[in-house]
Structures are given as structure tokens and as C-alpha cells.
Amino acid sequence: MDLPVMPPLEPMLAKAQAKVPPEAGVWSYEPKWDGFRALVFRDRDEVVLLSRNGKELGRYFPELAAALREEVAPRCVLDGEVVVPREIDGRVRLDWESLSQRVHPAASRIKLLSEATPAHFIGFDALATGNTSLMKEPFRVRRQALLEAVAEKQWCHVTRTTEDPELGARWLEEFEGAGLDGVIAKRLDGPYLPGKREMVKVKHARDADCVAMGYRIHKSGEGIGSILLGLYRDDGGLQMVGGAASFTAKDRVKLLAELEPLREGDEIREGDPSRWNSAADKRWIPIRPEKVCEVAYDQMEGNTVHGRRFRHAVKFRRWRPDRDPRSCTFDQLDVPLHYDLYDVLES
């Protein structure tokens, strides 16, 4: 492989912001795709697909490597997202659960899933085409190069963009139903700066009242590592929906003093193993479902009530002694608008 931009390479990153930047003529806005960030290096028949932290993704997505040979320029370096779309309730949207299952050590499983839940690549930047590096070029130029580098047929796409800040803000709400994660803003005159947080990301921000149904001890052995959260289903069952973590050392000890009295006996339950860290201790301690806490979250995942959970770790805000645990149901959660994935891709 001999390209003007070569791996290893860190992708350009984004810093979080509460609102979509409003300055017209300064920013380009695009949907924030909820998948695996990936850099594509193609030099004719040779294709390398690298994750954000430099790991090779190609072995997990053999069907995508083949598609890239068919649908992107013979020599190019592209930045984008690997996603798995699925039809859900008559609409095509991104499915994080199916995507996360694609990272599997067994070759037979990889082959099976490549056929059952094939991945797509959505490009949102071009770092090089032909013999030319585009890293120092403004985004306006890189965007045009991206449009010329991707021949959309079936598996490879170019993200939709706008320079209208009002439309960008509207996308934040409208497109979540397709499984998107928010909005990204890039400076129209900005170069591509690897590893630098030069983009802006605006994600969905919501709150929910959840039942504290258990906890894990911090890896240091002192205090609470995470609080396990539950919501009541219509059938009366309490379903775990995720956890709140990232407490200060002082708060960890304080929380343990508050939750330990709710233990019933010495029961310790086994949790689901972590796909990303097989050595992580997922055991947890159940407690009586008597305390309610308010948490901040961005979005849910899962297609049915029994499978729904918080997509990312949530932030603990405060205890809610005024709330009845039985009032903590799925009904309180925002339901996103139902947009089809291809509505988002359409320019």
C-alpha cells in the first residue's frame, strides 16, 4: 500500500456542546451516526479498515471490504462510520445491537453474521484521493472530493450535510428515529487535524427517574463503582436498563453507606460479560427496590420493552425521595420520531 496518507492515523475528534452552533456560513452540519468510527485506506485491491483506536476492523466485516472495492475510488483515504441497518416496524434504522454482535472471535460466526446482518459504510470526510493528500484542505474541498470518491450503489454512502444552522438544529430532533446519535458541526474552512477535537458534537440530552436495584463495588474495593438501574414494565416486572458510574472517591463511599443497608442477605449475582473487556468483573449486589434516582441519558437501544436499555452509561444527578419506585416506568421515556434511515441519507 502506497497512499499519500498512510496508517496509523488518529481520526479528527469532536468536543461536546449543548447547542448546535448558530453561525451561518461558518459551519457544515451533518447527522451524528451511531456506529463504529472507521478510517478506510484503499489502494486498488488492498483495503484496510481501521477503528478509532487503530484496530483492524476488516476481519469482522469481510463483506464491507468487498463493497469498498466496488463502490469507492481506487485510491483514497476516507473517514466515516460502519453501521448495520435493519428494518424495524416497517422502517430501516440503525441497529446498535446487531452491529456490536459483529465483533466476534470465531470465523464461522463472522461469516454467518456478514450474511445475516451486513454492514454499510457511511463516509463523512475525505483525507486523500489519488496521489493527493487533502488533510490541509478546507472541509468544503474535502466534502467535494468525498462526493466524487464514493459511487453509491448499495453498501457505501455519503452523509447528508447542510450549511443552514436552523436545519441542523432540526435534524437533532427529527432524525433520532432512524437510530442516530445527534448532530456534528465542522468548520467549512477547517483542515483535517488528526486526534484534535476540532469538530462539535451535540447529542440528545434527557432525564429519567429510575429504581436503584443493585450496585457494584468499585475496582479499588472502596465504595460504589456503579449503581444498577431499573424500570418497571407493564407486566409489573422490574427490568435492568443500565448503570450510572464515574463517581468521585468521596461519593463512592457515601453511596455505599446509603445503599448497603438495603441488601437482603449476602447474594451476589452474575452480570452479562462485557464484549469489550472480558476481564471486567460484572458481578453485582441486589438491593430492595426502595430508592429512586434521577439520571441523565442520551438515548435508548433495543427493539422491544424487554430488550430496551440505555445506550451509554448514564449520569447520576440526585436521589428522588419524593418518587414512588413503582412510578418509574418506561412510559416516562421520550419516544423519538420515526424517520427512515434513507430519509437521513437523502440529500
Side-chain angles (χ1 to χ4, degrees), residues 7-14 16 30-42 47-69 71-72 76-86 88 92-107 109-127 146 150 154-160 175-176 178-184 186 192 194-195 197 199 201 203-204 274-278 298-303 309-313 341 344-345:
L9 180 72
E10 291 184 82
M12 187 163 66
L13 303 176
E30 62 191 56
K32 184 179 184 300
W33 298 92
D34 192 19
F36 293 165
R37 183 78 176 273
L39 292 174
V40 172
F41 298 82
R42 183 188 176 193
V47 173
V48 174
L49 191 66
L50 295 183
S51 72
R52 171 175 165 171
N53 57 5
K55 293 185 178 179
E56 172 59 52
L57 291 175
R59 69 178 298 265
Y60 301 115
F61 302 97
E63 79 286 7
L64 193 54
L68 288 163
R69 293 186 184 96
E71 300 183 25
V72 304
C76 64
V77 180
L78 307 179
D79 189 359
E81 203 93 355
V82 175
V83 301
V84 171
R86 282 186 57 214
I88 301 170
V92 179
R93 59 165 291 158
L94 304 187
D95 185 17
W96 172 262
E97 292 177 83
S98 294
L99 175 64
S100 62
Q101 290 170 9
R102 294 295 308 272
V103 180
H104 198 282
R109 182 69 173 167
I110 289 172
K111 184 177 185 300
L112 176 67
L113 293 176
S114 70
E115 297 169 355
T117 54
H120 292 230
F121 175 76
I122 299 175
F124 46 66
D125 214 328
L127 284 61
L146 175 66
V150 178
Q154 183 175 5
W155 307 108
C156 300
H157 317 273
V158 174
T159 191
R160 187 175 180 177
F175 285 156
E176 186 184 359
L180 276 83
D181 205 18
V183 166
I184 291 286
K186 299 175 181 175
Y192 192 94
R197 295 192 178 276
M199 304 184 293
K201 61 181 177 182
K203 300 180 69 174
H204 304 99
S274 170
R275 180 174 300 275
W276 309 110
N277 182 4
S278 59
D298 52 13
Q299 68 181 118
M300 303 290 291
E301 66 180 9
N303 306 326
R309 59 182 292 114
F310 295 120
R311 166 71 175 81
H312 305 103
L341 173 65
V344 186
L345 286 169

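Side-chain contact between W33 and L341: present, with at least one pair of heavy atoms (C-beta onward) separated by less than 4.5 Å. With contacts defined as side-chain heavy-atom distances shorter than 4.5 Å, the pair L50/L9 does not qualify. You'll find the side chain of W155 reaches within 4.5 Å of the side chain of E71, heavy atoms only. In this structure, F41 and L49 have side chains that are not in contact, with every pair of non-hydrogen atoms separated by 4.5 Å or more.
Applying the 6.0 Å contact sphere to CZ of R69 captures more than 12 heavy atoms from other residues, nucleotides or ligands.
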Item to check | Full working for salt bridge (Lys or Arg N to Asp or Glu O under 4.0 Å) between R102 and E63 | outcome: CA-CA 12 Å; R102 294 295 308 272; E63 79 286 7; 2.9 Å; yes

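Ring to ring, F36 and W96 are close: their centroids are under 6.0 angstrom apart.
The distance from atom CD1 of I110 to atom CZ of R59, rounded to the nearest 0.5 Å, is 4.0 Å.
Taking every heavy atom of both residues into account, K186 and M199 meet most closely at CE-SD, 3.4 Å. Scanning both residues, S98 and V84, for their nearest heavy atoms gives CB-CG1, 3.9 Å.
Between the side chain of E10 and the backbone N or O of P194 there is no donor-acceptor pair closer than 3.5 Å.
Paired with L99 under the rule side-chain contact (heavy atoms from CB on, under 4.5 Å), one option of L94, D34, V82, L113 passes, and it is V82.
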